[in-house]
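Everything below concerns the one structure shown next.
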There are 2 protein chains.
Amino acid sequence: METQDLKKAGLKVTHPRMKILEILERAPEHHLTAEDIYRKLLEEGEQIGLATIYRVLTQFEAAGLVNRLHFEGGQAVFELDRGTHHDHMVCSRTGRVVEFYDEVIEQRQREIAKAHGFRLRDHSLILYGEFIEDEDTSSS
Amino acid sequence: METQDLKKAGLKVTHPRMKILEILERAPEHHLTAEDIYRKLLEEGEQIGLATIYRVLTQFEAAGLVNRLHFEGGQAVFELDRGTHHDHMVCSRTGRVVEFYDEVIEQRQREIAKAHGFRLRDHSLILYGEFIEDEDTSSS
DNA sequence: AAAAAGTTGAGAATCTTTCTCATAATCGTA
DNA sequence: TACGATTATGAGAAAGATTCTCAACTTTTT
């Protein structure tokens, strides 16, 4: 029930916005590109324009409903903001994304920022590599 | 004297490549977009095509001579690889970039990766905010 | 229900980056 | 030092991602 969130953000409760939120909520991957969302909506028979998706995602980002992440590869990915900050680990083989949170790292960042006279607003930490279990050793 | 580096990477020593390296070495900002390099070269009377700049930067990246960074905003920025890994702090007001290195964070990343069965290849840590000294409080 | 305000879809436009291909430069060798 | 094989360059076209434009349409307010 996010119609509240939309209203709070000064956004009208429209069909495209609800559907986009739904997709983000249901996606098992949790991290989707605008195109991913576009295709998933099409599959469900919702013909929502790509331009609308980008527009809405940008509005959602401004409202704090979603986060936009810049992984390698140019295309931005979006995730629902579930209130808890976390960083990301991206498997270069499968594209799998795992979230993690580490208070030691968070704390160090604050200290480093302070030491540099830097007002820390946000940060992006992404680990790149491969999950060992995702490795297809010898199989077909 | 990087002609050695170019040869070692299996790249011919050409005028565009030398000039691009020069620009990267001399740039006080240390972090340039392909366009930045293109414009700086033009200012020096070097008419090198943008396509060449992108091509060369990609080759340099593969050879480990430069790093490609993805700050917010879509455009990639490049820096000369001076052999010492570091992360970045970006001022949203001035665009100023400051490098830092923190062994505690590096170590934590390795531990986190290990705990997740993740073979860590690389990482990107960027702090966003503003340098307090860059703040134009009241001035003209 | 009508008016006011905000939203959508489609395609055009923009921006960044890569590709194509004919021409030109580099490098090892004769 | 010139030759030939190889590789690189420049310009413009092309591709990919995202934003813009604007007329038609919903939502919300009155």
Side-chain angles (χ1 to χ4, degrees), chain A residues 2-23 31-42 44-63 65-79 95, chain B residues 2-23 31-42 44-63 65-79 95:
Chain A
E2 280 80 4
T3 71
Q4 305 318 316
D5 300 321
L6 290 180
K7 285 186 176 155
K8 223 176 294 172
L11 298 171
K12 288 182 178 171
V13 179
T14 67
H15 183 70
R17 287 181 182 147
M18 295 307 285
K19 285 300 173 188
I20 291 170
L21 269 187
E22 260 182 63
I23 291 290
H31 297 85
L32 303 174
T33 65
E35 278 275 345
D36 288 339
I37 296 173
Y38 178 70
R39 274 187 283 96
K40 278 176 188 265
L41 285 168
L42 269 189
E44 302 190 0
E46 300 288 345
Q47 202 161 319
I48 296 175
L50 237 195
T52 298
I53 294 174
Y54 275 107
R55 221 174 328 175
V56 166
L57 287 171
T58 299
Q59 293 163 334
F60 284 2
E61 187 190 17
L65 294 175
V66 310
N67 300 124
R68 182 193 305 253
L69 306 171
H70 299 274
F71 293 167
E72 285 176 342
Q75 221 163 157
V77 305
F78 299 84
E79 68 176 6
Chain B
E2 279 82 3
T3 70
Q4 305 317 316
D5 300 323
L6 290 181
K7 285 186 177 155
K8 224 176 293 174
L11 298 172
K12 287 183 180 171
V13 179
T14 67
H15 183 70
R17 286 179 183 150
M18 294 306 286
K19 285 300 173 187
I20 292 170
L21 269 188
E22 259 181 64
I23 292 290
H31 298 84
L32 304 174
T33 65
E35 278 275 344
D36 289 338
I37 296 173
Y38 178 69
R39 273 187 283 94
K40 278 176 187 263
L41 286 168
L42 269 189
E44 303 191 0
E46 301 288 343
Q47 203 159 320
I48 296 174
L50 238 195
T52 298
I53 293 174
Y54 275 106
R55 222 174 329 175
V56 167
L57 286 171
T58 299
Q59 294 162 333
F60 283 2
E61 187 189 18
L65 294 175
V66 311
N67 301 124
R68 183 192 305 253
L69 307 172
H70 299 274
F71 293 166
E72 286 175 340
Q75 219 164 158
V77 304
F78 299 84
E79 67 175 8

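Predicted, not measured: the structure shown is a model, and the values here were computed from it. Chain letters run A, B, ... following the sequence lines, proteins first and then strands; every chain starts at 1.
Here the P atom of nucleotide D/dA11 and the OH atom of B/Y38 are 7 Å apart, to the nearest Å. With rounding to whole Å, B/L50 atom CG is found 11 Å from D/dG10 atom C1'. If you take NZ of A/K19 and P of D/dT26, they are 16 Å apart, rounded to a whole angstrom. Atom pair B/R17:CZ and D/dT7:P shows a separation of 11 Å (rounding to whole Å applied). Rounded to whole Å, the distance from CD on A/Q59 to P on D/dT18 is 16 Å. Look at CD on A/E35: it is 13 Å from P on D/dT19, rounded to the nearest Å. Residue A/Q75 contributes atom CD, which lies 10 Å from atom C1' of D/dT18 at whole-angstrom precision. When rounded to the nearest whole Å, the span between CD1 of B/I20 and P of D/dA8 equals 13 Å.
Of all heavy-atom pairs spanning B/P16 and B/T52, the tightest one is CB-CG2, 4.1 Å. Here the shortest heavy-atom pairing between B/R17 and B/K12 reads NH1-O, 2.9 Å. The nearest pair of heavy atoms linking B/I20 to B/F60 is CG2-CE2, 4.2 Å.
B/A34 comes within 4.0 angstrom of nothing in the nucleic acid, heavy atoms only. Within the 4.0 angstrom heavy-atom criterion, only backbone atoms of the sugar-phosphate kind lie near A/T14; the bases stay farther away.
Two residues are said to be in side-chain contact when any heavy atoms from C-beta on lie closer than 4.5 Å; B/E72 and A/R68 fail this criterion. No side-chain heavy atom of A/E79 sits under 4.5 Å from any side-chain heavy atom of A/V66.
Inter-axis angle, ends of the helix from C/dA1-D/dT30 to C/dA30-D/dT1, five pairs per end, rounded to 10 degrees: 30°.
Chain A approaches DNA chain C over the interval C/dA5 to C/dG11, counting the first and last nucleotide 5' to 3' with an atom under 4.0 Å from its heavy atoms.
Comparing B/L11 and B/A51 by the nucleotide of DNA chain D whose heavy atom lies nearest to each, the residue mapping closer to the 5' end is B/L11. Nearer the 5' end of DNA chain C, as judged by each residue's closest nucleotide, is the contact made by A/K12, out of A/K12 and B/V77.
Summarising the geometry, atom CG belonging to B/L69 is positioned 5.5 Å from atom NE2 belonging to B/H31; distances are rounded to the nearest 0.5 Å. In this structure, the separation between NE2 on A/H70 and CZ on B/F71 is 12.0 Å, given to the nearest 0.5 Å. Expressed to the nearest 0.5 Å, how far NZ of B/K8 lies from OG1 of B/T3 amounts to 10.0 Å.
In this model, the phosphate group of D/dT19 is not approached by any side-chain N or O of A/R55 to a distance below 4.0 Å at OP1 or OP2.
Scanning for side chain to side chain contact (heavy atoms under 4.5 Å, CB included) contacts around A/A63 gives A/A9, A/L65, with sequence neighbours left out.
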